[in-house]
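Just so we're clear, the structure is a prediction, and the values are computed from it rather than from any experiment. Both backbone and side-chain heavy atoms feed into the values below; hydrogens, waters and symmetry mates do not. Residues take their numbers from the sequence shown, with the count starting at 1.
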Amino acid sequence: DSWMEQLHWAASDNFTSVKLVQNFKSKKKVGFINAGIASYSPSLMNLQLDILEQDFEIFPDIIITYIDQTDIGDENCRYKHNKVYKNGVLNSIQPEDHLMYKDVFNYPQIFGLSRIFLNDNSKILKTFQLINFKFKYGLTKSSLRFYRKYISQSESDKEKITKCYGPEIQKYLINPSEASIKYFADTIREYLKKIDQKQHVKKLFLVTAPHKKHFYKSLDPKTSYKVNVSDIVDSVIKDKKNITHINLSKILLNDKNFNEDIWADDQIHFKREFHAKLFIQKILDELSKYLL
């Protein structure tokens with residue numbers, strides 16, 4: 001995730017957050033590039049840095065990275081077994097092929113269908129290709145699931161049967177293991193190492209924020225979060241003076257006037273008014289200090 005992804009979410013009904021950024025941009029005479037994409041966590045943002053350079057010739061000197069609480073689940077459940085390394089360096093992350101995802105996360109099906117719809121073939125040929133694709137896709141999906149569940153002895157194959165939907169992702173926050181926390185911390189370190197190699201990057205801001213389930217006094221202890229990604233980020237960057245961590249978890253916990261009614265119904269995003277005056281404004285305040 002990036003903070004600009006959050007900005008787009010906030011701006012879907014009102015433009016308060018957008019106006020804050022636009023006013024800041026005009027006052028400080030700086031430019032912003034929105035590189036935020038849903039479900040991006042440190043490993044994907046790692047690769048995104050190279051894509052911004054190679055495909056778009058974008059070389060930012062300041063990077064503002066938002067690390068969401070659910071990123072620990074994304075890294076452990078979705079990406080861990082799909083990474084491809086070359087000479088010890090993360091080179092790519094393979095699509096989560098045939099994992100039976102639905103809707104926006106079913107990338108193999110989306111790409112396959114898009115390829116057919118966007119070609120110049122006739123309607124009759126497209127219809128034939130669509131039927132053929134759906135048949136092959138369904139057969140491959142069923143075969144892979146049967147192999148992973150009943151034949152393969154590989155632990156990674158067993159884990160791939162798991163559908164990394166919301167409840168599965170949240171398990172890494174509700175019942176975290178030392179191994180999952182360590183692995184997530186390592187993905188952050190890997191991302192920071194990539195940034196260190198980018199000579200054009202002069203400053204990095206890491207932003208983290210709590211979810212409502214971190215404040216579990218009024219919630220079921222069985223579903224409240226036991227780990228806070230903000231703390232993991234703190235532990236990783238404790239000796240890195242060139243990184244500013246905008247830790248909204250600490251800010252809210254230390255606020256005597258803190259009201260838990262700042263979250264939207266999903267208990268993840270802030271309500272739009274708080275997103276503007278708390279989330280966006282705090283980032284702009286810290287950025288302003290750096291640009292003095």
Side-chain angles (χ1 to χ4, degrees), residues 1-25 32 34-42 45 64-74 165-167 169-176 184 188 205-235 237 243-290:
D1 298 336
S2 86
W3 73 291
M4 293 299 284
E5 177 200 339
Q6 293 263 346
L7 172 58
H8 273 184
W9 180 87
S12 60
D13 282 347
N14 66 68
F15 295 97
T16 306
S17 296
V18 175
K19 287 181 180 178
L20 283 173
V21 174
Q22 289 176 336
N23 292 338
F24 183 89
K25 176 182 175 181
F32 285 92
N34 175 15
I37 297 177
S39 290
Y40 261 33
S41 53
M45 290 188 287
I64 303 172
T65 297
Y66 177 64
I67 299 180
D68 185 62
Q69 299 291 334
T70 56
D71 285 355
I72 186 174
D74 282 340
Y165 296 152
I169 294 295
Q170 290 186 50
K171 287 181 181 179
Y172 293 90
L173 293 162
I174 297 171
N175 296 304
F184 182 64
I188 299 174
F205 291 89
L206 291 179
V207 186
T208 61
H211 290 181
K212 186 174 183 179
K213 287 187 178 181
H214 283 106
F215 300 87
Y216 50 82
K217 292 181 180 179
S218 59
L219 298 172
D220 184 352
K222 293 182 180 179
T223 60
S224 62
Y225 294 166
K226 311 302 188 303
V227 67
N228 192 322
V229 161
S230 300
D231 297 332
I232 299 175
V233 171
D234 263 350
S235 69
I237 67 167
I243 299 175
T244 296
H245 180 196
I246 302 175
N247 188 342
L248 289 172
S249 293
K250 281 187 177 179
I251 292 171
L252 293 177
L253 283 169
N254 293 326
D255 185 353
K256 296 180 180 179
N257 298 316
F258 170 64
N259 184 345
E260 291 188 19
D261 192 35
I262 67 174
W263 280 279
D265 291 339
D266 63 5
Q267 300 185 354
I268 294 175
H269 295 92
F270 293 140
K271 290 180 178 176
R272 304 187 192 285
E273 60 176 301
F274 292 104
H275 186 280
K277 70 181 184 181
L278 175 62
F279 188 89
I280 297 298
Q281 189 60 61
K282 184 59 180 176
I283 292 173
L284 295 179
D285 288 345
E286 292 297 324
L287 187 57
S288 182
K289 294 176 186 177
Y290 174 74

What are the two closest heavy atoms between [X] and [Y], and how far apart are they?
X	Y	answer
W263	K271	O-CE, 3.2 Å
S249	A209	OG-C, 3.9 Å
V227	Y172	CG1-O, 3.5 Å

- Query: Where do L287 and I64 land on the side chain to side chain contact (heavy atoms under 4.5 Å, CB included) test, with the steps shown first?
  - Reply: CA-CA 9 Å; L287 187 57; I64 303 172; 4.2 Å; yes
Answer whether the closest heavy-atom distance between the side chains of [X] and [Y] falls below 4.5 Å.
X	Y	answer
L173	K226	no
D74	I169	yes
Q69	K213	no
I280	F24	no
L278	F270	yes
D234	K250	yes
I232	I72	yes
I243	L206	yes

- Task: Would you check if the side chain of H214 reaches a backbone N or O of S224 as a donor-acceptor pair within less than 3.5 Å?
- Result: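 No, H214 side chain to S224 backbone: no donor-acceptor pair under 3.5 Å.
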- Item | Short side-chain to backbone donor-acceptor contact, N23 and K19, under 3.5 Å |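 Side chain of N23 to backbone of K19: a pair is present.
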- Ignoring hydrogens and angles, state whether a donor on the side chain of H211 or D266 is under 3.5 Å from an acceptor on the partner side chain. no
So how far is it from [X] [atom1] to [Y] [atom2], rounded to the nearest 0.5 Å?
X	Y	atom1	atom2	answer
S41	I188	OG	CD1	10.0 Å
H275	L20	NE2	CG	10.5 Å
I174	Y225	CD1	OH	6.0 Å
S17	K277	OG	NZ	12.0 Å
K282	I251	NZ	CD1	4.5 Å
T208	N228	OG1	CG	6.5 Å

- Query: Going through the distances and angles, do F205 and I283 end up as a side chain to side chain contact (heavy atoms under 4.5 Å, CB included)?
  - Reply: CA-CA 9 Å; F205 291 89; I283 292 173; over 6 Å; no
- Do other residues, nucleotides or ligands put more than 12 heavy atoms under 6.0 Å from D265 CG?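 12 or below, so no.
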- Indicate the ring-plane relationship of F279 and Y66, choosing parallel, tilted or perpendicular according to the 30° and 60° boundaries.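 Rings of F279 and Y66: perpendicular, as their planes differ by over 60°.
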